[in-house]
Amino acid sequence: MTTTIETGTDSAKTYPGRAAVVSWIFFDWAAQPYFTLITTFVFAPYFAGFVASDPASGQALWGFATAAAGLAIALLSPVLGAIADASGRRKPWIAGFGALLVIGASAMWIGKPGNPDVIPALLLAYAIASVGVEFATVFNNAMMPTLVPPDKIGRLSGTGWATGYVGGILSLVLVLGFLAANAETGRTLFGLTPLFGLDPLTHAGDRITGPLTALWFVVFVTPMFLFTPDYPAKRPIRDALGEGLRELRESLASLPKQKSMARFLLANMIYTDGLVSLFAFGGIYAAGTFGWDTIRIGTFGIILAIAGTFGAWLGGKLDDALGPKRVITGSLVILLFAIVVILTVNKDSILFTPVAPPVPDGPLFAGAAERAYIVLGCLIGAAGGPLQAASRTLLIRLAPQDRIAQYFGLFALTGKVTSFIGPLLIGAITAATASQKAGMAVLVVFFVVGLALLARVRA
């Protein structure tokens, strides 16, 4: 079933039916567990707390690996996007980079606790998976303008992010409720013995998040390949390479004349670096500040993902009603407020005011500082989804439609070209000061500068 929209030109634009759109949306569902389970709430804190020698050095090492992957993504994204526009195909690229995600995530099972020999291979697997998921996302995003009319792009983008958050929630519930157990009690969050004989003492429930993420992606990305139409091939890959690179040079040369596009890409470069760094290190920071174990961090992640689901859904509606720039601005203000307040939260104080510390082995989040951190985390989750969804909507509104993948490549470039700087600064400052708080403080600068640049964008 297809929908035909009158465009006021000689020909009408035809869009695919609901099954194609829903199947495309499920890409976000398929990919989100990588960010939820691995980079934020389970594997990254586990790596910092149990594989590395201490949380500060673990945060530093994870930051360096994130920076390396970000640099590779930054260098290749616009080139690959240009080639994809010239060749006309999206799905082969999604399949190839999805395979990297599957391979890298599956290999993370090797990260046993207290074994420093596996750290180089583990970080390499993490970098490979990160490259795979980010590039697959570039080409998936480039399919958006072919699926719905322009006045529904914001809702499509927001619905995709919200659906992704729901997938992240369910994957976290699966891990915490049935797979990852407390090493002392041997029980999961639901009070069960871990499935498949996963040994709590070797943190098998934490390590299984890698293979689980890979399997999840394969299962739930399949409908997109089956039901979402792709562009027909325009020309052979060799010809597409030459033309794609030529068009990329032309686009880069024309950017100074496209002032709003150039300012937006620069703003996106800076605030995305801050957001990615905040998500990447939020769980690690909580583990170091409060001593949270996997179950506490994972429960925190579920709460944040629920907030993110509603935030992304509401952001999509506000995007179509108010415009993506206003949604991005509001989201940045909320994120800036949250990170500033988080830097004043310690185990026994909030805004420099003493509070009772958490009781050891007490109820979940019984301490006042823990509850404050959760509230601030919900603000971050609720703002992060609309920020990312509205950013890709604004890109679509600013970019030439015949070079959409190329501009999504530039979008990914600006989202990644300095993405190694945030993690690198956090890692370097944390390593130099042995303070997680000092490392995280650098994120304030990213949000302030991004907000100032965005103010000069004319949509």
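Numbers here are sequence positions counted from 1.
Shown here is F310, whose CZ atom has no more than 12 heavy atoms of other residues, nucleotides or ligands within 6.0 Å. Environment of NZ in K91: crowded, with over 12 heavy atoms of neighbouring residues, nucleotides or ligands closer than 6.0 Å.
With T146 contributing its side chain and M143 its backbone, the two residues share a donor-acceptor pair below 3.5 Å. Judged by distance alone, with hydrogens and angles left aside, the side-chain atoms of T344 form no donor-acceptor pair with the main-chain N or O of V340 at under 3.5 Å. Using modelled atom types, one side-chain atom of Y46 and one backbone atom of G111 make a donor-acceptor pair closer than 3.5 Å. Between the side chain of W24 and the main chain of N140, a donor-acceptor pair closer than 3.5 Å is present. In this structure, the side chain of S23 does not engage the main chain of A20 through any donor-acceptor pair within 3.5 Å.
Atom-to-atom distance recorded for L179:CG and L174:CG is 5.0 Å, nearest 0.5 angstrom. Rounding to the nearest 0.5 Å gives a distance of 5.5 Å between CZ of F178 and CZ of F190. To the nearest 0.5 Å, the span separating CD1 on I94 from CG on L101 amounts to 12.5 Å. Rounding to the nearest 0.5 angstrom, the gap separating the CG atom in L335 from the CG atom in L443 is 10.0 Å. The OG atom of S130 lies 10.5 Å from the CG atom of L123; values are rounded to the nearest 0.5 Å.
Looking only at atom types and distance, the side chain of Y271 has no donor-acceptor partner in the side chain of S331 under 3.5 Å away. Using a 3.5 Å distance cut-off with no hydrogens or angles, the side chains of Y126 and T39 do not pair a donor with an acceptor.
Residues that satisfy the side-chain contact (heavy atoms from CB on, under 4.5 Å) test with W313, not counting sequence neighbours, are A162, K317. The salt bridge (charged side-chain N to carboxylate O under 4.0 Å, His left out) check on D28 picks up R392, with sequence neighbours excluded. Considering only residues two or more places apart in sequence or on other chains, R326 meets the side chain to side chain donor-acceptor pair (under 3.5 Å) condition with none of them. Remark: L304 engages F41, F300 in a side-chain contact (heavy atoms from CB on, under 4.5 Å) (not counting sequence neighbours).
Taking the side chain as every heavy atom from C-beta outward, L37 and L172 approach each other to under 4.5 Å. Counting only heavy atoms from C-beta outward, the side chains of V21 and T159 never approach each other to under 4.5 Å.
Classified by interplanar angle (parallel below 30°, tilted 30° to 60°, perpendicular above 60°), the ring pair W216/W29 is parallel. Using cut-offs of 30° and 60° on the angle between ring planes, the pair F139 and F97 is parallel.
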Using side-chain contact (heavy atoms from CB on, under 4.5 Å), reason through L379 and V341 one step at a time and then give a plain yes or no. CA-CA 11 Å; L379 288 178; V341 178; over 6 Å; no
Going through the distances and angles, do L336 and L332 end up as a side-chain contact (heavy atoms from CB on, under 4.5 Å)? CA-CA 6 Å; L336 183 59; L332 284 173; over 6 Å; no
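Considering every non-hydrogen atom in both I328 and A390, the closest pair reads CG1-CB, 3.7 Å. Between G114 and P116, the shortest heavy-atom contact is O-CD, 3.4 Å. Taking all atoms of both residues into account, the shortest heavy-atom contact from I342 to Y373 is CG2-CE1, 3.9 Å. Pairing each heavy atom of A369 with each of V345, the nearest pair is O-CG1, 3.8 Å. Of all heavy-atom pairs between A204 and W109, the closest is O-CZ3, 3.5 Å. A pairwise comparison of heavy atoms in V133 and A31 identifies CG2-CB, 4.1 Å as the closest pair.
Among residues at least two apart or in separate chains, salt bridge (charged side-chain N to carboxylate O under 4.0 Å, His left out) pairs with a member in residues 153-174 are R155-D320.
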Donor-acceptor pairs are to be reported for all side-chain atoms of residues 192-202 against protein atoms at under 3.5 Å, with residues two or more places apart or in another chain.
{"from": "T193", "atom 1": "OG1", "to": "R187", "atom 2": "NH1", "distance (Å)": "2.9"}
{"from": "D199", "atom 1": "OD1", "to": "L201", "atom 2": "N", "distance (Å)": "3.0"}
{"from": "T202", "atom 1": "OG1", "to": "D199", "atom 2": "O", "distance (Å)": "3.3"}
{"from": "T202", "atom 1": "OG1", "to": "R207", "atom 2": "NH2", "distance (Å)": "3.4"}

